[in-house]
*Asks:* 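My structure is below; once you've seen it, I'll send some questions.
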Protein chains: 2
Amino acid sequence: MNIGDASTHSGLPAKTIRYYEDIGLITPDRTDNGYRDFSETHLHKLAFLSRARGLGFTIEDCRTLLSLYEDTDRASADVKTMARGHLDKISQKITELKAMQDTLSELVNKCHGDDRPDCPILQGLAGDNANKEQAV
Amino acid sequence: MNIGDASTHSGLPAKTIRYYEDIGLITPDRTDNGYRDFSETHLHKLAFLSRARGLGFTIEDCRTLLSLYEDTDRASADVKTMARGHLDKISQKITELKAMQDTLSELVNKCHGDDRPDCPILQGLAGDNANKEQAV
DNA sequence: ATAGGGCTTCCAGTCACTGGAAGGTCAAGA
DNA sequence: TCTTGACCTTCCAGTGACTGGAAGCCCTAT
């Protein structure tokens, strides 16, 4: 199967699949004309990578996960540990983003947003904490 | 004031401040020996940048915000629009992360995580949806 | 024969830094 | 005065995970 079809099947852009080959995540066969040739197994791997990346695992995580997947003797505890570590990172990221969201929405709410130049958002960014609502 | 002190004051690494100069976000003076020399105004700008970056604005957003900050005639609506756009992006990112979190924690919960090779996490990544809890 | 679409490689750019090398400058202490 | 060590300078390269684009080959249909 050509890279175009592999792309359609896996949902990964052809460029990305070539990149995955570059960094050794996958090694498709080649036909006589030099085109990449993807087997069912390759498609499986691509789908696996697509899902793992979709869950936010890094490329290196994916490399590990793939090798764990192919090692039928691995302990499921190893996988679980990785996944838990990744879950922690996700939670942390969410916490950070929520903090940004809180701070920024507070500033946005304070801003009247008309054609006057006075702007609590910029004042907030500038570290001007004297901008209190009750002073209206 | 030297870059080291400016770094301490603003909380930005010296390397980052140099980078900001490279891309034209700030232009500190220079003393005779070639060292950068930061004034109060520069420190203010660095603090502004530090806060804006901390809220997740891109460098280009920061450039715009800085110029809006310095343009005392700008309409606060312009700033509010930018901030709202950024808030949307943050919300979207949070939504994505939560989806990852949901999917991955479900898989993690299914995984017994011992020394047996059977692993629902890898099966989930491989697209094996036949792994249902009630089959235990 | 030619047009088009798909395939190949290779190089460069993205974003926002970060690390490191090689070397200049300055203040304090022996 | 010399040296030590902490600064500072510039420049180059690397990060992660692609993405865009150029130049050119291959295959099929008309």
Side-chain angles (χ1 to χ4, degrees), chain A residues 1-39 42-43 45-46 48-66 85-86 89-90 93 96-97 100, chain B residues 1-39 42-43 45-46 48-66 85-86 89-90 93 96-97 100:
Chain A
M1 180 182 289
N2 275 352
I3 198 170
D5 294 330
S7 167
T8 308
H9 261 256
S10 62
L12 294 168
K15 277 257 174 194
T16 300
I17 298 177
R18 286 193 199 99
Y19 171 69
Y20 287 174
E21 183 180 6
D22 261 14
I23 62 173
L25 275 187
I26 193 170
T27 22
D29 303 327
R30 296 281 176 150
T31 55
D32 289 345
N33 60 16
Y35 284 20
R36 287 169 183 82
D37 188 23
F38 296 83
S39 68
H42 295 129
L43 289 184
K45 276 203 193 184
L46 288 177
F48 185 100
L49 289 169
S50 180
R51 286 201 194 84
R53 291 286 302 128
L55 287 177
F57 284 104
T58 66
I59 289 285
E60 287 316 303
D61 285 345
C62 289
R63 199 186 298 278
T64 308
L65 286 170
L66 258 190
H86 185 48
K89 282 191 206 120
I90 291 176
K93 195 90 192 114
E96 285 167 16
L97 284 170
M100 291 182 191
Chain B
M1 177 180 289
N2 276 351
I3 198 169
D5 294 331
S7 167
T8 308
H9 261 257
S10 62
L12 293 168
K15 277 258 174 192
T16 300
I17 298 176
R18 288 194 197 99
Y19 171 69
Y20 287 174
E21 182 180 7
D22 261 14
I23 62 172
L25 276 187
I26 34 158
T27 24
D29 302 328
R30 296 281 177 150
T31 56
D32 289 345
N33 60 15
Y35 285 18
R36 286 170 184 81
D37 188 23
F38 295 84
S39 68
H42 294 130
L43 289 184
K45 277 202 193 184
L46 287 177
F48 186 100
L49 289 170
S50 179
R51 286 202 194 82
R53 290 287 302 131
L55 288 177
F57 284 103
T58 66
I59 290 285
E60 286 317 303
D61 285 345
C62 289
R63 199 188 296 279
T64 308
L65 286 170
L66 258 189
H86 185 49
K89 281 190 206 121
I90 292 176
K93 195 94 191 105
E96 285 166 17
L97 284 169
M100 291 180 192

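Chain identifiers are assigned alphabetically (A, B, ...) following the order of the sequence lines, protein sequences preceding nucleic acid strands; residue numbering begins at 1 within each chain. No experiment lies behind these values; they were computed from the predicted model shown.
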*Asks:* Over all strands shown, is Arg36(A) touching base, sugar-phosphate only, or nothing at heavy-atom distances under 4.0 angstrom?
*Replies:* sugar-phosphate
*Asks:* Send over the distance from Asp32(B) CG to dC8(D) C1', rounded to a whole Å.
*Replies:* 15 Å
*Asks:* What is the distance from CZ of Arg30(B) to P of dT25(C), rounded to the nearest Å?
*Replies:* 14 Å
*Asks:* Find out whether His42(A) and Thr27(A) are in side-chain contact, i.e. whether some heavy atom of one side chain is under 4.5 Å from a heavy atom of the other.
*Replies:* no
*Asks:* State whether Glu96(A) and Lys93(A) are salt-bridged, where the test is any N-O pair (Lys NZ or Arg NE/NH1/NH2 against Asp/Glu carboxylate O) under 4.0 Å.
*Replies:* yes
*Asks:* Once you apply a heavy-atom cut-off of 4.0 Å, does Ile23(A) come out as touching a base, just sugar-phosphate, or nothing?
*Replies:* nothing
*Asks:* Round to the nearest Å and state the distance from Arg18(A) atom CZ to dC7(C) atom C1'.
*Replies:* 7 Å
*Asks:* Roughly, in whole Å, what's the span from CG in Asp5(A) to C1' in dC7(C)?
*Replies:* 12 Å
*Asks:* In whole angstrom, give the distance that lies between atom CD1 of Ile3(B) and atom C1' of dA6(D).
*Replies:* 15 Å
*Asks:* Each nucleotide in nucleotides 15-26 of chain D should get exactly one letter: B, S or -. Can you fill that in based on protein heavy atoms under 4.0 Å?
*Replies:* --BBSBB----B
*Asks:* For a side-chain contact (heavy atoms from CB on, under 4.5 Å) with Phe38(A), tell me which candidate from Asp5(A), Ile3(A), Asp29(A), Asn2(A) qualifies.
*Replies:* Ile3(A)
*Asks:* Testing the basics here: between Leu12(A) and Thr16(A), what is the closest heavy-atom pair and its distance to 0.1 Å?
*Replies:* CD2-CG2, 4.4 Å
*Asks:* Could you tell me how far apart Asp22(B) (CG) and dC15(C) (P) are, to the nearest whole angstrom?
*Replies:* 15 Å
*Asks:* Measure the distance from CD on Glu21(A) to C1' on dT9(C) and round it to the nearest whole Å.
*Replies:* 11 Å
*Asks:* With heavy-atom distances below 4.5 Å as the criterion, would you say the side chains of Leu43(B) and Met1(B) are in contact?
*Replies:* yes
*Asks:* Kindly indicate, with the supporting measurements, whether the criterion side chain to side chain contact (heavy atoms under 4.5 Å, CB included) is fulfilled by Lys45(A) and Leu66(A).
*Replies:* CA-CA 8 Å; Lys45(A) 276 203 193 184; Leu66(A) 258 190; 4.2 Å; yes
*Asks:* Round to a whole Å and report the spacing from CD1 of Ile17(B) to P of dA16(C).
*Replies:* 17 Å
